[in-house]
Amino acid sequence: MIKNSTYIRNFTAKQRKQLETVAASQKLKTVPEILFFSLDNYLEQEKEIARLNRIIIYKQNKIDKLTNPTIEL
């Protein structure tokens, strides 16, 4: 269950560096802004990765079909 307000009391050094990198590149100031921005981007990227994987599979099947015409896909 996710609560409406969550308090994160400490970050690891790696997490702090990641947050600072995102904040600097997007001009975000607060941790909630950074986290919500990251969450939105993650969901968009997940869809894009799935689309690109489908394209890769399609292209690979075409290559296989052309290089070995005896295999029917």
Side-chain angles (χ1 to χ4, degrees):
M1 183 173 128
I2 299 175
K3 297 178 184 178
N4 283 337
S5 72
T6 300
Y7 298 99
I8 300 172
R9 290 183 171 50
N10 53 18
F11 295 103
T12 65
K14 183 179 178 183
Q15 290 168 334
R16 183 172 300 281
K17 187 173 181 176
Q18 290 171 333
L19 287 168
E20 289 170 354
T21 303
V22 172
S25 68
Q26 298 299 317
K27 296 180 177 48
L28 301 171
K29 296 184 188 221
T30 65
V31 171
E33 287 176 342
I34 297 166
L35 294 175
F36 290 133
F37 172 80
S38 299
L39 181 61
D40 288 341
N41 279 344
Y42 170 79
L43 295 173
E44 289 174 18
Q45 286 179 356
E46 192 175 50
K47 291 175 187 175
E48 183 68 11
I49 290 168
R51 185 184 75 81
L52 292 172
N53 281 333
R54 286 191 304 271
I55 291 170
I56 290 169
I57 292 168
Y58 173 75
K59 296 290 185 180
Q60 187 61 49
N61 286 340
K62 271 181 101 171
I63 291 169
D64 291 344
K65 200 174 198 180
L66 291 171
T67 57
N68 194 353
T70 59
I71 297 176
E72 192 169 317
L73 301 173

From Thr21 atom OG1 to Ile34 atom CD1, the distance as rounded to the nearest 0.5 Å: 9.5 Å

Rounded distance (nearest 0.5 Å) linking atom CD of Glu44 with atom CG of Asp40: 6.5 Å

Under 3.5 Å: donor-acceptor pair, side chain of Glu33, backbone of Lys29: yes

Nearest-0.5 Å distance that lies between atom CG in Leu66 and atom CG in Asn61: 11.0 Å

From CG (Leu52) to CD (Glu48), nearest 0.5 Å: 4.5 Å

Spacing of Asn10 atom CG and Arg16 atom CZ [to the nearest 0.5 Å]: 8.5 Å

Cluster link Leu28 to Phe36, ILVMFWY, side chain under 4.5 Å: no

